[in-house]
A.B. asks: 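My questions all concern the structure below.
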Amino acid sequence: MKKATILLFLLCASFFFMGCSIKDKTFKGPGFTITVTNEFKKSSHSSYVFCVKSETETVFANVFLKTEVNDSDKELSLLEYTESLLEDNGLTDVVQIHHRDSKKQPYYYLYYYSTTDGVADYGYMMVLMEDNTNFYLFNFVTAVGSFDENIPLFLDWASSITLK
C-alpha cells in the first residue's frame, strides 16, 4: 500500500510538472509574427502598437510606413534608418550597430540602457527590420541585472520574427 501511494504521488507530480513546462508561443502583430514563450501575455503600451510581457521580459514593437520616414529625395535603407533613429535619440556615440542574417529576415540590432538618476535600470536590445513598405522596430527589455544573460534569448526571439 505504501509503495502504491508513493507511485501515485510521483505519477501525479510528473503530470503536474509536464503541464507547467515552458513552450513556444507565437503572437501576431501588425504585419508580423513573433515566437517567444508561453510565459508571455498580450499587453498594451501607449507608445507602441504591440506589447507582450512575461514576469521578467517585455517585447515592444512599432511599425513605420517608409513613405512617412523617408526623405522626399531618396528612400532610406534599413541601415540609414537605424542610424537616423540613433542620431535622433542621442545614441550615436554609445551604441554599436550589429547585423544578423537570420534565416527568416535579416536585421540590425543594438543594445542600450535606460537610466534613472544616472544609474542604469533597464537593458534594451533594439531590432530593426524592413519589408517593401514598412520599417519595424522591436525592443526586447529586461532589468539590467539579467540583461546579459537574456541576450541569447532575445536574439532567438528576434530571429523568429516573420514579416508578412
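What you see below is based on every heavy atom in this structure, not just the backbone, and it leaves out hydrogens, waters and symmetry mates. Here the structure is a predicted model, which is why all the values come from computation and not from measurement. Starting from 1, each residue takes its place in the sequence as its number.
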A.B. asks: Should Gln105 and Thr162 count as side-chain neighbours, where that means a heavy-atom distance under 4.5 Å?
C.D. replies: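 Side-chain contact under 4.5 Å: no.
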A.B. asks: Are Leu85 and Tyr136 connected in a single hydrophobic cluster, I mean Ile/Leu/Val/Met/Phe/Trp/Tyr linked by side-chain heavy atoms less than 4.5 Å apart?
C.D. replies: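 No: no chain of side-chain contacts under 4.5 Å links Tyr136 to Leu85.
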A.B. asks: With rounding to the nearest 0.5 angstrom, report the OG1 to OH distance, Thr82 to Tyr108.
C.D. replies: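 Spacing of OG1 (Thr82) from OH (Tyr108) equals 7.0 Å.
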A.B. asks: Do Val52 and Thr58 have side chains that get closer than 4.5 Å, going by heavy atoms?
C.D. replies: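 Sidechains of Thr58 and Val52: no contact.
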A.B. asks: Kindly give the heavy-atom pair with the smallest separation between Arg100 and Ser159, and that separation in Å.
C.D. replies: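 What the structure gives for the nearest pair is NE-OG, 3.7 Å.
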A.B. asks: Run Phe147 and Tyr113 through ring-ring contact (aromatic ring centres under 6.0 Å, His included) and show every step you take.
C.D. replies: CA-CA 10 Å; Phe147 183 70; Tyr113 300 92; 5.5 Å; yes
A.B. asks: Could you check if a side-chain atom of Val36 sits within less than 4.5 angstrom of a side-chain atom of Phe27, using non-hydrogen atoms only?
C.D. replies: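 Counting from C-beta outward, Val36 and Phe27 do come under 4.5 Å.
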A.B. asks: Given side-chain hydrogen bond (donor to acceptor under 3.5 Å, both in side chains), test Tyr122 with Asn139 step by step and report yes or no.
C.D. replies: CA-CA 11 Å; Tyr122 288 97; Asn139 264 316; over 6 Å; no
A.B. asks: Might you work through the side-chain hydrogen bond (donor to acceptor under 3.5 Å, both in side chains) test for Tyr124 and Thr142, ending with a clear yes or no?
C.D. replies: CA-CA 7 Å; Tyr124 293 77; Thr142 194; over 6 Å; no
A.B. asks: Should Phe64 and Tyr81 count as side-chain neighbours, where that means a heavy-atom distance under 4.5 Å?
C.D. replies: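 Yes, close enough: below the 4.5 Å cut-off.
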A.B. asks: With a 3.5 Å distance limit and no angle check, can you tell me whether Lys66 reaches the backbone of Leu76 through a side-chain donor-acceptor pair?
C.D. replies: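 Side chain of Lys66 to backbone of Leu76, a donor-acceptor pair under 3.5 Å: no, none is there.
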A.B. asks: Verify the distance criterion only: is there a donor paired with an acceptor across the side chains of Tyr107 and Asp101 at less than 3.5 Å?
C.D. replies: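 Per modelled atom types, Tyr107 and Asp101 side chains form no pair under 3.5 Å.
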A.B. asks: Run the side chain to side chain contact (heavy atoms under 4.5 Å, CB included) test on Met126 and Leu128 for me, step by step, so that the C-alpha distance in whole Å, both residues' side-chain angles and the decisive distance to 0.1 Å come before the verdict.
C.D. replies: CA-CA 7 Å; Met126 181 188 295; Leu128 294 120; 3.7 Å; yes
A.B. asks: Consider only side-chain heavy atoms of I, L, V, M, F, W and Y, link residues closer than 4.5 Å, and tell whether Met125 and Val144 are in one cluster.
C.D. replies: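 Yes, it is one cluster - the side chains of Met125 and Val144 are joined through contacts under 4.5 Å.
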A.B. asks: Can you find a pair of side-chain heavy atoms, one from Phe40 and one from Val59, that are under 4.5 Å apart?
C.D. replies: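 Phe40 vs Val59: side chains touch.
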A.B. asks: Starting from Leu78, can I reach Val127 by hopping between I/L/V/M/F/W/Y residues whose side chains sit under 4.5 Å apart?
C.D. replies: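 No, Val127 and Leu78 fall in different hydrophobic clusters.
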A.B. asks: Hey, does the side chain of Glu80 reach the backbone of Ser77 with a donor-acceptor pair shorter than 3.5 angstrom?
C.D. replies: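 Checked: pair present.
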A.B. asks: Does the side chain of Lys53 reach to within under 4.5 Å of the side chain of Lys42, using non-hydrogen atoms?
C.D. replies: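 No, every pair of side-chain atoms sits at 4.5 Å or beyond.
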A.B. asks: Distance-only, no hydrogens or angles: does the Ser160 side chain make a donor-acceptor pair with backbone N or O of Thr35 under 3.5 Å?
C.D. replies: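 Present.
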A.B. asks: Evaluate the ring planes of Phe154 and Trp157, with Trp represented by its six-membered ring, and classify them as parallel (under 30°), tilted (30 to 60°) or perpendicular (over 60°).
C.D. replies: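 Rings of Phe154 and Trp157: tilted, as their planes differ by 30° to 60°.
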A.B. asks: Can you tell me how far the CD atom of Glu55 sits from the NZ atom of Lys41, to the nearest 0.5 Å?
C.D. replies: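 Here the interatomic distance stands at 10.0 Å.
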A.B. asks: Once the angle between the rings of His98 and Tyr111 is folded into 0 to 90°, is it parallel (under 30°), tilted (30 to 60°) or perpendicular (over 60°)?
C.D. replies: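 Tilted.
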A.B. asks: Out of curiosity, does Val63 fall in the hydrophobic cluster containing Val69 (side-chain heavy atoms, cut-off under 4.5 Å, transitive links)?
C.D. replies: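 No: no chain of side-chain contacts under 4.5 Å links Val69 to Val63.
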A.B. asks: Side chains of Phe140 and Ile34, heavy atoms from C-beta outward: is any pair under 4.5 Å?
C.D. replies: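 Heavy-atom side-chain distance check passes, below 4.5 Å.
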A.B. asks: Is it the case that Ser84 and Glu87 place a side-chain donor and acceptor less than 3.5 Å from each other?
C.D. replies: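 No, Glu87 and Ser84 have no side-chain donor paired with an acceptor closer than 3.5 Å.
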A.B. asks: Got Thr33 and Ile161 here, is their nearest side-chain heavy-atom distance under 4.5 Å?
C.D. replies: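 Contact flag for Thr33/Ile161 side chains = no.
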A.B. asks: Run the ring-centre check on Tyr109 versus Phe138 and record whether the distance is less than 6.0 Å.
C.D. replies: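 When the ring centroids of Tyr109 and Phe138 are compared, they turn out to be at least 6.0 Å apart.
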A.B. asks: Taking it one step at a time, do Asp121 and Ser114 satisfy side-chain hydrogen bond (donor to acceptor under 3.5 Å, both in side chains)?
C.D. replies: CA-CA 6 Å; Asp121 48 5; Ser114 65; 2.8 Å; yes
A.B. asks: Look only at the side chain of Asp131 and the backbone of Thr133, and say whether a donor-acceptor pair between them is shorter than 3.5 Å.
C.D. replies: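 Yes; at least one donor-acceptor contact below 3.5 Å.
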A.B. asks: Evaluate the ring planes of Tyr48 and Phe60, with Trp represented by its six-membered ring, and classify them as parallel (under 30°), tilted (30 to 60°) or perpendicular (over 60°).
C.D. replies: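 The arrangement is parallel - the two ring planes meet at less than 30°.
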A.B. asks: Checking Asp24 side chain against Thr37 main chain: does a donor-acceptor pair fall under 3.5 Å?
C.D. replies: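 A pair under 3.5 Å: no.
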A.B. asks: How many angstroms lie between atom CG of Asn134 and atom CG of Leu163, to the nearest 0.5 angstrom?
C.D. replies: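 So the gap between those two atoms works out to 9.0 Å.
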A.B. asks: Closer than 3.5 angstrom, by distance alone: can the side chain of Asn62 be matched with the main-chain N or O of Ser47 as a donor-acceptor pair?
C.D. replies: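 Pair found, side chain donor or acceptor close to backbone of Ser47.
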A.B. asks: Let's go through Leu110 and Gln96 carefully: what are the C-alpha distance in whole Å and the side-chain angles of both, what is the deciding distance for side chain to side chain contact (heavy atoms under 4.5 Å, CB included) to 0.1 Å, and is it a yes or a no?
C.D. replies: CA-CA 6 Å; Leu110 51 100; Gln96 180 180 0; over 6 Å; no
A.B. asks: Around atom NZ of Lys25, are there more than 12 heavy atoms of other residues, nucleotides or ligands at under 6.0 Å?
C.D. replies: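 Yes, because the 6.0 Å sphere around NZ of Lys25 holds more than 12 heavy atoms from other groups.
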